[in-house]
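Contents: one structure, followed by commentary.
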2 protein chains.
Amino acid sequence: MQDISTDGNGQGRIRQENEKRIMKAAEKVFAQNGFRGATTASIAEEAGLPKANIHYYFGTKAKLYRAVVDDIVALWLSSFREITANDDPASTLADYIRAKMDLSRTRPEASRVFANELIRGAPRIKPYLEGDLKDWVESKAAILDMWVEQGKMAPVDSKRLIFHIWAMTQTWADFEVQWASVLGRQDGLQDADFDKATDAIISTVLRTCGLLPLPSRRHATEMPLTV
Amino acid sequence: MQDISTDGNGQGRIRQENEKRIMKAAEKVFAQNGFRGATTASIAEEAGLPKANIHYYFGTKAKLYRAVVDDIVALWLSSFREITANDDPASTLADYIRAKMDLSRTRPEASRVFANELIRGAPRIKPYLEGDLKDWVESKAAILDMWVEQGKMAPVDSKRLIFHIWAMTQTWADFEVQWASVLGRQDGLQDADFDKATDAIISTVLRTCGLLPLPSRRHATEMPLTV
DNA sequence: AACTTACCTGACCAAATGGTCAATTCTTGC
DNA sequence: GCAAGAATTGACCATTTGGTCAGGTAAGTT
């Protein structure tokens, strides 16, 4: 006989399938409406199940939300294992930016749930921000600083650089509609748009770190700028 | 006798004061909960007025929201007049970033209402995005391109550079709690934090444009990187 | 086949929500 | 000081919301 707890994730086949289905629907609805704005009825409709079914599996809206957010935090953390010690700065940074942009393209709803949570002051994930995330930032900033020490790259404000990489990569998920509108993409951003954005972010970051030669200017009438 | 339209902004003294008061409260509540999640009751409480009073001045929640959003769009647009033709690229960009960061620091709630709207797919402001904002971006990108043509700065992807300036500046308003948590600021970000962030963004942008000499590396054991 | 457990869901409920309204008080121009 | 419009608000209402529950069906185990 298998242990199937009521609220956790038991291992009943049907249960697993339905929980996944509900969480996918919930992620979408929470992303679009935030916790307070989302209704269990609309989540049920999105999942193609009667509302009572949602409560059967998750109990309350708050617990369902918690499950969705925890899932996303786990995704975030797993994507963070990237940057490691004595790699090459340029390729490591570029790889990390590419990984982050892939998440923005493939899991925009997850990013938006997270964004909603932050805009609201992160009542439910502050411990994560002050714990795992803070630790991660500090350890990665230390690596950047070490690279600077070793003369592998130009001095930078390492923490702000990390923050700004997140800002630039996540804006393409969170505010996609803004960039699509401004670029005139009626059907939303295409893969090519993400590629172009990725290149632009990599250029910006590598130039910030002095890791990318500046293309020569059109009219070479001025002195070189850089040391 | 003065013309006081019911829904617009008549010039009754009391009316003006109360409308301002309600909109301020509404901005805060909408920022924290989005349109659907905000309740007229909580807006009323925040404003220190009975709920019926809110309806007396604005009719419906939707009209109030519209008024708040329009106000913010106007603020946004006015902050956009900045970048003009044949200025000096470096100081113009730096000034613009400083202005945008000042908005993030002084009007974070406005930024968050806007962010909420974008996350939701911008149902109510798409015309603005596809109109005024698109035009603004195109005209300013043209100026950047002109500077490149004139050899005043290195070639850049001008539109993405603008997008990323927004992303970096607005993240300090929209996701303040995240950065405060990671930096260990228990009482929220301080002015010094914004100053440091502003410097970091300016450095990144100017280096991207080849407008800032790179500080020399610690160990000058390698060849200069830039052309 | 019998039995146990997981799964399903229509019908229901109390609370919250956006909005209305009529009665009352406050302002203001004359 | 007084009439006319502006402002105020408690009480009320229809609808929506999160959540419950009883009575059922399907699935697995022996």
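Residue numbering restarts at 1 for every chain, and letters A, B, ... go by the order of the sequence lines.
- Rounded to whole Å, atom P of C:dT9 lies 10 Å from atom CD1 of A:I54.
- Residue A:I14 places its side chain closer to C:dC8 than to any other of D:dG10, D:dC21, C:dC8.
- Between A:Q16 atom CD and D:dA27 atom P there is a gap of 17 Å when expressed in whole angstrom units.
- The nearest whole Å value for the distance from the CD1 atom in A:I22 to the P atom in C:dT9 is 11 Å.
- Remark: B:K100 qualifies as a cation-pi partner of B:W76 under the 6.0 Å distance and 45° angle criteria applied to the six-membered ring.
- Following rounding to the nearest Å, B:F58 (CZ) and D:dA7 (P) show an atom-to-atom distance of 12 Å.
- As a whole-Å value, the separation of B:L49 CG from D:dA6 P is 19 Å.
- The side chain of B:N53 sits closest to D:dT9 out of D:dT9, C:dC8, D:dC21.
- Side-chain proximity of B:Y57 to the nucleotides C:dG10, C:dC8, D:dA7 is greatest for D:dA7.
- Taking the salt bridge (charged side-chain N to carboxylate O under 4.0 Å, His left out) definition, one finds that A:R98 meets it with A:D95, sequence neighbours left out.
- Candidate nucleotides C:dC8, C:dC7, D:dG28 were compared by shortest atom distance to the side chain of A:R15, and C:dC7 ranks first.
- By the side-chain contact (heavy atoms from CB on, under 4.5 Å) test, A:E117 pairs with A:Y65, A:P123, A:R124, A:I125, sequence neighbours left out.
- Proximity of B:N18 to the phosphate of D:dA6: no side-chain N or O atom is located under 4.0 Å from OP1 or OP2.
- When distances run from any side-chain atom of A:Y56 to the nucleotides C:dG10, C:dC7, D:dA7, the shortest one goes to C:dC7.
- Among residue pairs with one or both ends in residues 47-58 of chain B, none qualify as salt bridge (charged side-chain N to carboxylate O under 4.0 Å, His left out); sequence neighbours excluded.
- Applying the salt bridge (charged side-chain N to carboxylate O under 4.0 Å, His left out) definition to pairs two or more places apart or across chains, those involving residues 156-171 of chain A are A:D157-A:R160.
- Among the nucleotides C:dT9, D:dT8, D:dT9, the one closest to the side chain of B:P50 is D:dT9.
- Contacts between residues 23-33 of chain B and DNA chain C, counted as heavy-atom distances below 4.0 Å, involve no residue at all.
- By the side-chain contact (heavy atoms from CB on, under 4.5 Å) test, B:T60 is found to be paired with B:A62, B:K63, residues two or more places apart in sequence or in another chain being considered.
- A:E17 and A:R21 are not joined by a salt bridge, as no carboxylate oxygen comes within less than 4.0 angstrom of a charged side-chain nitrogen.
- Applying the salt bridge (charged side-chain N to carboxylate O under 4.0 Å, His left out) criterion to B:K20, with sequence neighbours excluded, gives no partner residue.
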Output one line per pair: protein atom, nucleotide atom from nucleotides 12-18 of chain C, and distance, for all N/O pairs under 3.5 Å.
{"residue": "C:dT17", "atom": "OP1", "partner": "A:R36", "partner atom": "NH2", "Å": "3.0"}
{"residue": "C:dG18", "atom": "OP1", "partner": "B:A38", "partner atom": "O", "Å": "3.1"}
{"residue": "C:dG18", "atom": "OP1", "partner": "B:K61", "partner atom": "NZ", "Å": "3.2"}
{"residue": "C:dG18", "atom": "OP2", "partner": "B:T40", "partner atom": "N", "Å": "2.9"}
{"residue": "C:dG18", "atom": "OP2", "partner": "B:T40", "partner atom": "OG1", "Å": "3.0"}
{"residue": "C:dG18", "atom": "N7", "partner": "B:K51", "partner atom": "NZ", "Å": "3.0"}

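- Regarding contacts with the backbone of D:dA27, every side-chain N or O of A:R13 stays at 4.0 angstrom or more from both OP1 and OP2.
- In this structure, CD of B:E45 is placed 16 Å from C1' of D:dT9, rounded to the nearest angstrom.
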Pair up each side-chain donor or acceptor in residues 41-50 of chain B with any protein partner under 3.5 Å, not counting sequence neighbours, and list the distances.
{"residue": "B:S42", "atom": "OG", "partner": "B:T39", "partner atom": "O", "Å": "2.9"}
{"residue": "B:S42", "atom": "OG", "partner": "B:T39", "partner atom": "OG1", "Å": "2.9"}
{"residue": "B:E46", "atom": "OE2", "partner": "B:K28", "partner atom": "NZ", "Å": "3.3"}

